[in-house]
Amino acid sequence: MIRLTNVSKIYPLSGADSVTALENVSLSIREGELVVLKGISGSGKSTLLALIAAMTKPTSGDVVVAGRSVAKLPDRFASDFRRNTIGMIFQKFNLLGDLSAIDNVTLPLIPTHESASDIKERAYRILKSLGVKKRLGSLAKHLSGGEQQRVAIARALVGDPAIILADEPTASLDRKLTLDFVEMLKTMKQSGKTIVIATHDPLFFDLGIVDRVIEIDGGRLA
Amino acid sequence: MNPKLLTFALEAIGRRGGKNAAVGIIFALLVALLASVLLTSRSLQSEVEKTLSALPDITVQKLQGGRQGLIESDRVYAIETIPGVTWARERVWGYYYFQNAGVNFTLVGLDFFLPAYEESLNAAIRNFDIATWMDRDFMIVGEGVERTLHANYYKEYFNFILPDGAMKKVELAGTFAAGTALQSSDTILLPVTLARTLLNAPEGLATDITVAVANPEEVAMVATKISRLYPDTRVITKTDLAGSYQNLFDYKGGLFLSLFITALASFFILLLDKSGMGLAERREIGILRALGWRMEEVIRLKLLESGIVAFTAYLLGIFIALGYVFMLQAPGIVALFEGYSVLKPAFELPVVIDLSLLGLIFLATVPLYMAAVIFPAWRAATIDADEVMR
């Protein structure tokens, strides 16, 4: 499902300086697998997720997702790939605070040809299943941390993607909400989605539903 | 057009209501300023064009010591012998300064029993029963003059002060509607003998001579012949006058436009500056890109947003300008084009709405505004989504 071959990512800084976020990384993740990327902050976990999501291109190497080399995709196709194949849950959720919960969820599908009522209906169903039914019309900035996270998960699921990428999804949540998230993960895994979670939360390393833990250190696989 | 995108754009405008309102109001005021000046200029130009079209083909003035003096009336006979000349007529006219109001009136002497040299003057007196006034000193005045006289308590007559200091009572016989406001509003029509008395123009002398030429192609040649016949005269053709008026509009309009372009450029530079697209907006673009929006979809969204704001502000600016120019009579701007407006009675700007002018204002402002918004949006959308969000 996901295969990285000798992938390096170097971010240029001002002048001749640069930062190597990933160095010669190769890994593969099978369809339906739940993989945890373990590593401290700055180890390269988020960059790895961004590469899988075609949000950035590798400096060298190849990234193949669902049979397509996303490293070489032109921007237009990379966008379509993200919309159709990837559901992304960001560390700080990245909701638009001035939009309602349901409008945040429908955001990825606005440019599509699906009717507004169909999209709303789908968003409603997902939010309902995640227990945010009563706060559909509330502005995202007025939601609690747990509610914001559920809205972010609903937004990742609304396009029915094959792959869910979550970047430090529990970093700003308390213990109870973290455990709630684990429950949601179980549901997602049962529905056959491939899930990659980048985290340094030890809770995830011993979870029964996790198929594999991959450790990253200084941009390299440990 | 994706209706969801339009709805989202409208909601986005609302979300950034404060900023959009502030930018929109400044933009509307700039459009209003530009439209006010151009609409005023167009309205005045239409007045001038109408006035010019009513002017004789050639006007002959006598020069004395480099200034205009009275011309011998009998020169009309010699001028009429020039081939191509349809007719030549003397005119007795001049200005009368009304000190109380601080305005100049234009006195025009007419022989009420002969057709006037200008059709507009004939139209002005057409419905006037001249026979009932022939034994009295009377005048027919333009609407501007009537307003000024009434404001100074002259309802039925006016006391002119003659050049020797004596007073001359002249009855107000009627008012004529302005065919063209610039030409007629400040005009007083009176019998030519009375005009000679008020203007101190003795019999046998006139203010100038007007000449009609049958073939417009021959006007310049006839003018040259008159100059040769009377070297002490200044011969002005309608084309000369049209040119000098056009120069005035071009010069003053150009002066304003250069100042306006400076103001507009400053506005767009401010808009292009990072304050134009704040961190929140760039982050929003990054999120949309990360969620799978194509670059062209982000640009389309921003085009809609900026287009709606700019078009609304444009319409607002045009309505402000229409109200300012045609309801309030463009206070301040009329003076820009009128050299000595203080000395003239007020006149009404005729409503001339030139759609091509409005289109020109649209093209000169709205696309620029949209470009100023689109450019930073495009820059944000071209950066990797993960980088925008970092």
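As a basis for the values below, the full set of heavy atoms in this structure was taken, side chains included, without hydrogen atoms, waters or symmetry mates. Below, read A as the first sequence line, B as the second, and so on, with proteins coming before strands; counting in each chain starts at 1.
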Engineer: Side chain, backbone, both or neither: which part of A:Thr112 has an atom under 4.5 Å from a heavy atom of chain B?
Structural biologist: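 Both backbone and side chain.
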
Engineer: Would one find more than 12 heavy atoms of other residues, nucleotides or ligands at under 6.0 Å from atom CZ of B:Arg16?
Structural biologist: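 Check passes, neighbour count above 12.
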
Engineer: So if I apply the side chain to side chain contact (heavy atoms under 4.5 Å, CB included) rule between A:Arg76 and each of B:Met295, B:Glu297, B:Arg294, which one comes out positive?
Structural biologist: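 Running side chain to side chain contact (heavy atoms under 4.5 Å, CB included) over B:Met295, B:Glu297, B:Arg294 with A:Arg76 returns exactly one hit, B:Arg294.
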
Engineer: Go through A:Ala156, A:Ala54, A:Ala116 and name the one with the most non-hydrogen pairs under 4.5 angstrom from chain B.
Structural biologist: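 Heavy-atom pair counts peak at A:Ala116.
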
Engineer: Please state whether the side chain, the backbone, both or neither of B:Arg289 comes within less than 4.5 Å of a heavy atom of chain A.
Structural biologist: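 Both backbone and side chain of B:Arg289 come within 4.5 Å of chain A.
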
Engineer: Look at atom CD of B:Glu11 and say whether more than 12 heavy atoms of other residues, nucleotides or ligands are closer to it than 6.0 Å.
Structural biologist: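 Atom CD in B:Glu11 is crowded, with more than 12 foreign heavy atoms closer than 6.0 Å.
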
Engineer: What part of A:Leu109 is in contact with chain B, defined as an atom under 4.5 angstrom from a non-hydrogen atom: side chain, backbone, both or neither?
Structural biologist: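 Just its backbone gets close to chain B.
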
Engineer: Taking B:Lys4 for its side chain and A:Ile119 for its backbone only, find out whether a donor-acceptor pair lies under 3.5 Å.
Structural biologist: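 Flag not set: sc B:Lys4 to bb A:Ile119 has no pair under 3.5 Å.
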
Engineer: Using non-hydrogen atoms and a 4.5 Å limit, figure out which bit of A:Asp103 sits close to chain B: side chain, backbone, both or neither.
Structural biologist: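 Side chain only.
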
Engineer: Using non-hydrogen atoms only, which part of B:Leu301 is less than 4.5 Å away from chain A: side chain, backbone, both, or neither?
Structural biologist: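 For B:Leu301, no heavy atom lies under 4.5 Å from chain A.
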
Engineer: Would a 4.5 Å heavy-atom cut-off, applied to side chains only, mark A:Leu99 and B:Phe8 as touching?
Structural biologist: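 SC-SC contact between A:Leu99 and B:Phe8 confirmed.
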
Engineer: Measure A:Lys57 against the heavy atoms of chain B and call it side chain, backbone, both or neither at under 4.5 Å.
Structural biologist: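 Looking at A:Lys57, just its backbone touches chain B.
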
Engineer: Just wondering, do A:Arg155 and B:Ile287 contact through their side chains at under 4.5 Å, heavy atoms?
Structural biologist: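 Of all side-chain heavy-atom pairs linking A:Arg155 with B:Ile287, at least one is under 4.5 Å.
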
Engineer: A:Leu96 versus B:Arg15: any side-chain heavy-atom pair under 4.5 Å?
Structural biologist: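 A:Leu96 vs B:Arg15: side chains touch.
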
Engineer: Would you confirm whether B:Asn2, through its side chain, and A:His113, through its main-chain N or O, come within 3.5 Å as a donor-acceptor pair?
Structural biologist: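 Such a contact is absent between B:Asn2 side chain and A:His113 backbone.
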
Engineer: Look at the side chain of B:Trp293 and the backbone N and O of A:Leu107, then say whether any donor-acceptor pair between them is shorter than 3.5 Å.
Structural biologist: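 It does hold such a pair.
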
Engineer: Of all heavy-atom pairs between A:Met55 and B:Ala290, which one has the smallest distance, and what is that distance?
Structural biologist: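 Smallest interatomic distance, heavy atoms only, reads CE-CB, 3.8 Å.
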
Engineer: Of all heavy-atom pairs between A:Pro108 and B:Leu291, which one has the smallest distance, and what is that distance?
Structural biologist: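 Result for this residue pair: CB-O, 3.7 Å.
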
